[in-house]
Trainee: 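I'd like to ask some things about the structure below.
Bear in mind the structure is a predicted one, so any value in this text is a computation, not a measurement. Chain naming here is simple, since letters A, B, ... match the order of the sequence lines and numbering starts at 1 in each.
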2 protein chains.
Amino acid sequence: MTEPLPPFPVPGEHDPSQDPDGLLDLFPASGVTGITGITGITGEQPRLRADAARNRTRLLEVAARLAEECGAAKLTMEGVASAAQVGKGTVFRRFGDRTGLLLALLDHHERELQAAFLSGPPPLGPDAPPADRLRAFGTAVLRHEHAHRDLYLAAARAAARADAVRRHASPPTLLRLSHLGMLLRRAGVRGDVELLAQTLLGSLDITLVDHLVTRRGMTLERLEAGWNDLVGRVAGPQG
Amino acid sequence: MTEPLPPFPVPGEHDPSQDPDGLLDLFPASGVTGITGITGITGEQPRLRADAARNRTRLLEVAARLAEECGAAKLTMEGVASAAQVGKGTVFRRFGDRTGLLLALLDHHERELQAAFLSGPPPLGPDAPPADRLRAFGTAVLRHEHAHRDLYLAAARAAARADAVRRHASPPTLLRLSHLGMLLRRAGVRGDVELLAQTLLGSLDITLVDHLVTRRGMTLERLEAGWNDLVGRVAGPQG
DNA sequence: CGGCCAACCGGACCGGGGTCCGTTTCCCTG
DNA sequence: CAGGGAAACGGACCCCGGTCCGGTTGGCCG
């Protein structure tokens, strides 16, 4: 599943049709996306041996099926391993840890969202004024993560237990941060844009959103309105 | 450790010297603070048997010492149990889970902070205009959690793995949210105050702050300035 | 004082994440 | 095609959080 790779631009040569905002230049060729299975932005990994590649896709298929059937929260490494008829060690070798597996499962969805705000139609994509894109970005993220909340939630929880790096500095997060920062700057916002981006992105945090929706009974519409209001206050009047 | 209980007002009768903002009325007598060991706001728990109480304090002492020596991250339930010469089951019976133990260890610190913004001197306490208190609140939380970040971080991570309730709806968090909401309203902010409070509090999240400081090299001063800027944008010009 | 029961205690047990290392497989090179 | 070494495999193993239940103890009541 989710293996076919839509060609992503290689940093260095700038393809305006795919990356009109020049955002991808922020990501050095190797680093950032090196986490197992996340090749959504730049290059590939070193190339797997045939059996390894075969196992990898089989593991992803099995994992996706199990997640579908029992919920991502109940996905266990051992369960995936035995269902795929491989040893537990193989799963860990391939994905590093449970977080890595979940992130790999999210890879496909993540690319969809990325494509939408990197090169999709307005108001999310490049052909719209930054303030509009800012608003659209929030609602897009809210809806996207809500649509796939099982996986996103499981991944967030798994990442939280370990180092915060996986949670606050995963490639998708970094890309979103850069994107937000770019939009804020273009919208004429002055001040500590980097920090502002962090704050804004924090308000879209899946665990928070889920809590507000599930436990506090807030509707997605209310959260979207809240985002628009927030953007208005932050990027609105004075800049 | 941390057992002596500074008398907290009982909801129903309103003691303006301790709760000038009337915030505590939001918390029903029993519920909210019922988590083991967190008696920081309202009443006590049902009263423990003598041996249980003895064990409880001993466990807290031992846990505090171990956390001091090896870092809260390395605190294990079994380690605490054996160091305190009791069975593992006893620790779980008393504190529910690891999160509960860590929260109990934080109880004392948490009361200090609460006292400061509930009834302390200005600009944090009641004798200051809401906008000033808003600013002071952020910097106070930032400094407070940073000062005790080992424990706060460990607690946050432990809470994250389980239900998000412990993370987004623990008694301390609820109190902070109410406080922020109250201040925002008094500062004349219109709109979805509850959601705004969530967003603002989110920007002070210990795991995020720690990541920004540790990994991204931001200084606490920068974060404090960011908070002040954010408050200005949110509560500043129009309301 | 004695008995009774709820509360408490302890530690065996389980499940799941993560590690390790001896064995097997692939693939490149000669 | 054969050989060798790097990569991958598998599953036993460890650790830790959390559960369970048979045995014990404290404190109240008759």
Trainee: Can you list the residues that meet the salt bridge (charged side-chain N to carboxylate O under 4.0 Å, His left out) rule with A:D210, with sequence neighbours excluded?
Mentor: none
Trainee: Relative to the 5' end of DNA chain C, which residue comes earlier, A:T76 or A:G89, by the nucleotide with the nearest heavy atom?
Mentor: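 Taking each residue's closest nucleotide, the earlier one in sequence belongs to A:T76.
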Trainee: Does a side-chain N or O of A:T90 approach OP1 or OP2 of D:dG10 to a distance below 4.0 Å, or not?
Mentor: yes
Trainee: To the nearest Å, how far apart are B:K88 NZ and C:dC13 P?
Mentor: 13 Å
Trainee: If you only use heavy atoms from C-beta on, which nucleotide in D:dA8, D:dG17, C:dC8 is closest to the side chain of A:A52?
Mentor: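 Side chain of A:A52 sits closest to D:dA8.
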Trainee: Atom CD of B:E78 and atom C1' of D:dT19: how far apart are they, to the nearest Å?
Mentor: 14 Å
Trainee: Let me know the distance between CG of A:D51 and C1' of D:dG10, rounded to the nearest Å.
Mentor: 13 Å
Trainee: Within the modelled atom types, does a donor on one side and an acceptor on the other bring the side chain of A:R49 and the base of D:dA8 under 3.5 Å apart?
Mentor: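 Check fails, no donor-acceptor contact within cut-off.
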Trainee: Taking the side chain as every heavy atom from C-beta outward, state whether B:P171 and B:L174 have any atom pair closer than 4.5 Å.
Mentor: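 With C-beta onward as the side chain, the pair stays apart.
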Trainee: Taking the ring of B:H146 and the ring of B:Y152, is the distance between their centroids below 6.0 Å?
Mentor: no
Trainee: Return the value, rounded to whole Å, for the distance between atom CZ of A:R54 and atom C1' of C:dT24.
Mentor: 13 Å
Trainee: Taking side-chain contact (heavy atoms from CB on, under 4.5 Å) as the test, write out the residues that go with B:V141, two or more places apart.
Mentor: B:L113, B:F137, B:E145, B:R176, B:L204
Trainee: Take the protein atom CZ of A:R93 and the nucleotide atom C1' of C:dC20, then report the distance between them rounded to whole Å.
Mentor: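 For the pair A:R93 CZ and C:dC20 C1', the rounded distance is 11 Å.
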Trainee: Could you tell me how far apart A:L59 (CG) and D:dC9 (P) are, to the nearest whole angstrom?
Mentor: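 Going from A:L59 (CG) to D:dC9 (P), I get 8 Å.
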Trainee: If you compare every side-chain N and O of B:R94 against the phosphate oxygens of C:dC9 (OP1, OP2), does one of them come in below 4.0 Å?
Mentor: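 B:R94 to C:dC9 OP1/OP2: side-chain N or O found under 4.0 Å.
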Trainee: Between D:dG17, C:dG17, C:dG10, spot the one nearest the side chain of B:V86, thanks.
Mentor: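 The listed nucleotide nearest to B:V86's side chain is C:dG10.
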Trainee: Just to be sure I understand the rule, does A:L75 reach a base, reach only the sugar-phosphate, or reach nothing, if contact means heavy atoms closer than 4.0 Å?
Mentor: sugar-phosphate
Trainee: Any side-chain N or O of B:N55 less than 4.0 Å from the OP1 or OP2 oxygen of C:dC9?
Mentor: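 Result: yes.
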